[in-house]
Visitor: 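Before I ask anything, here is the structure I am working with.
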Amino acid sequence: VSNLTDLGVAAIRDGFRAGDFSAREVADAFNANVAGAKALNAFIVETPDHAIAAAETADRDRSEGNLKPLSGVPIGMKDLFCTKGVQTTAASHILEGFIPQYESTVSSNLWAAGAGMLGKLNMDQFAMGSSNETSYFGNVISPWKRSDGSNAALAPGGSSGGSSSAIAARLCPAATGTDTGGSIRQPASFTGISGIKPTYGRCSRWGVVAFASSLDQAGPMAHDVRDCAIMLENMAGFDPKDSTSLQLPVPKWETGLSSNLKGLRIGIPKEYRVDNMPPEIDALWEQGIAWMKDAGAEIVEVSLPHTKYALPAYYIIAPAEASSNLARYDGVRYGLRDLPDGAGLQDMYAATRAAGFGPEVKRRIMIGTYVLSAGFYDAYFTQASKVRALIAQDFDKAWEACDLLLTPTAPSAAFALGEKSADPLAMYLNDVFTVPSSLAGLPAMSVPAGLDGQGLPLGLQIIGKALDEQGVLGAGLAIEERAGFVARAGKWW
Amino acid sequence: MTAVIPNILRLRDDVVSDGGMREAILANAPAAEHGFFGVPKVIE
């Protein structure tokens, strides 16, 4: 094999099993790519030793005929997952130096499946952002460049921007992501990779630094649909330590993959035809519809009438939950402590939080505190919760007419760093197509479908019924087979 | 909305399921003293 780092999860797994290469060779190749890509700033901590140790175990297991599902596969871990003995910061200053004494359930599942860790991936601070510009550890840069020769540094999307950048740049074959309002799907779309947010409750939230607990859901990001299926099988599963974990068996999603959509009805939600959408995205959506028909599906127009209220409701509910979750950072038990001379306990709390949180995190804590305050609770939080129920009902009604929904993933291709960071509302609009399915807890995935006029990747999104990851993956595969997306970012780093 | 995905809140037996890990709990404390979290003086 000429270049091991060109391989995805399935190819590494199968090639390793067939004896084409050793797990150690794979780990060494990816470790070298990680070490050579500092310019992308995709990793906060590199863990080559973890990857090598897992690889040596895998090589020994292979010689003993004791292979595990991910034996020989090294991956990247978003820095939102607590990893025992390895710094976990959620890309914040307030958790800088925090060394978890325990392992998150999702990462623990992946290690038990034989995977190794290449490092902790950079992200938007506390997963709050759509461009990876809110990290305390600096912006992540996308490996992609516009074809106009402008050389502008582009956003890899967010909040899982380290994950998307690292996979697109072949620093890891797959990575974990988390998705609260689109944080797996939008970065996947921006960087020409695949990513799936499963049904809320499929992946345990235990040991994942909390942002908005009723929305947060972990999922995989990888080069293609099959690799996502393999990863998700090894991340998901019931966990008694998470009260919202679904007590259901994990389906064999990889074995069940089928791109034959005969008999399926694909809904096209008319409210997703937003104003000012670039014509290229509209055209790609039309192309996706043609691909769905070609795969045997019937196309139906559906209505999700409350779509326009999804973003406003989301930007009340998510900050409300964040303001509550982030109250734990007080400088007492872990993380940063800022204790000015002669300060008392209250002063210490205030100084610690002022020094430890970035501007976007503070903005959301303040919005959340406001919408939960005694005088405004009913006007904002209760109202937003009602809207959320209506949005979920919209989907339930749509499922009477169709089995899956096809939409664009994001309203634009990747923008340049700094282009939107001054205007929070422009930034929030990035999530317009991904937030409604998050509010309803539904599985949704982005697959790369084409390039825009600047040579940048664009993704299409498939949304499914609760627990129908299999259907989402199948339709994603149908797009993947027809799109033939092979474009790659040229190496400049 | 009360639940994103309909789910039954499970009950578990009312027994101690972990503990005895004081060192691990204090390991990340900015100021751990005598087996406790240290904070600035709060009473005069």
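Per chain, numbering begins at 1; letters A, B, ... match sequence-line order.
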Visitor: Hey, is NZ on Lys241(A) packed in by over 12 heavy atoms from elsewhere, all under 6.0 Å?
Guide: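 Counting other residues, nucleotides and ligands, NZ of Lys241(A) exceeds 12 neighbours.
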
Visitor: Measure the spacing between CD1 of Ile8(B) and CG of Leu246(A) and express it to the nearest 0.5 Å.
Guide: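 Atom-to-atom, Ile8(B):CD1 and Leu246(A):CG are 11.0 Å apart.
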
Visitor: Hey, does Val4(B) have a side-chain heavy atom less than 4.5 Å from the side chain of Gln217(A)?
Guide: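 No; the side chains remain at least 4.5 Å from each other.
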
Visitor: Got a sec: does the OH of Tyr309(A) have more than 12 other heavy atoms crowding it under 6.0 Å?
Guide: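 No.
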
Visitor: With a 4.5 angstrom heavy-atom cut-off, is it the side chain or the backbone of Leu339(A) that approaches chain B, or both, or neither?
Guide: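 Side chain of Leu339(A) only, per the 4.5 Å heavy-atom cut-off to chain B.
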
Visitor: I'd like to know which of Pro30(B), Ala3(B), Ala27(B), Ala29(B) tops the heavy-atom pair count under 4.5 Å against chain A.
Guide: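 Most heavy-atom pairs within the cutoff with chain A belong to Pro30(B).
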
Visitor: Between Pro40(B) and Ala343(A), which heavy-atom pair has the shortest distance, and what is it?
Guide: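 Minimum heavy-atom contact is CB-O, 3.7 Å.
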
Visitor: More than 12 non-hydrogen atoms from neighbouring residues, nucleotides or ligands closer than 6.0 Å to OH on Tyr380(A), yes or no?
Guide: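 Result for OH/Tyr380(A): open.
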
Visitor: Just wondering, do Arg10(B) and Phe238(A) contact through their side chains at under 4.5 Å, heavy atoms?
Guide: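 Result yes, sub-4.5 Å side-chain heavy-atom pair found.
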
Visitor: So what's closer than 4.5 Å to chain B heavy atoms on Gln346(A): side chain, backbone, both or neither?
Guide: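 For Gln346(A), no heavy atom lies under 4.5 Å from chain B.
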
Visitor: Checking Leu439(A) against chain B: side chain, backbone, both or neither under 4.5 Å from a heavy atom?
Guide: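 Only the backbone of Leu439(A) comes within 4.5 Å of chain B.
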
Visitor: Please report the interatomic distance CG(Leu442(A)) to CD1(Ile5(B)), rounded to the nearest 0.5 Å.
Guide: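 Separation between the atoms: 6.0 Å.
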
Visitor: Just by distance, do the side chain of Asn28(B) and the backbone of Phe98(A) share a donor-acceptor pair under 3.5 Å?
Guide: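 Looks like no, no N/O pair under 3.5 Å.
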
Visitor: Count the heavy atoms of every other residue, nucleotide or ligand shown that sit under 6.0 Å from CZ of Phe36(B), and state whether that count exceeds 12.
Guide: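 No.
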
Visitor: Quick one: pull up CG in Leu26(B) and CZ in Arg333(A) and give me the separation to the nearest 0.5 Å.
Guide: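 Between atom CG of Leu26(B) and atom CZ of Arg333(A) there are 12.0 Å.
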
Visitor: How long is the span from the CG atom in Asn7(B) to the OH atom in Tyr200(A), to the nearest 0.5 Å?
Guide: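 Between atom CG of Asn7(B) and atom OH of Tyr200(A) there are 9.0 Å.
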
Visitor: Go through the atoms of Thr382(A) and report whether side chain, backbone, both or neither lie under 4.5 Å from a heavy atom of chain B.
Guide: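 Contact with chain B is absent: no heavy atom of Thr382(A) under 4.5 Å.
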
Visitor: Which of the residues Gly344(A), Ser243(A), Pro100(A), Ser214(A) is involved in the greatest number of heavy-atom pairs with chain B at under 4.5 angstrom?
Guide: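 Sorted descending by pairs with chain B, the first entry is Ser243(A).
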
Visitor: Under 4.5 Å from any heavy atom of chain A, what part of Val42(B) do you find: side chain, backbone, both or neither?
Guide: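 Looking at Val42(B), just its side chain touches chain A.
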
Visitor: Give me the atom names and distance for the closest heavy-atom approach of Ala31(B) to Arg337(A).
Guide: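 Smallest interatomic distance, heavy atoms only, reads CB-NH1, 3.5 Å.
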
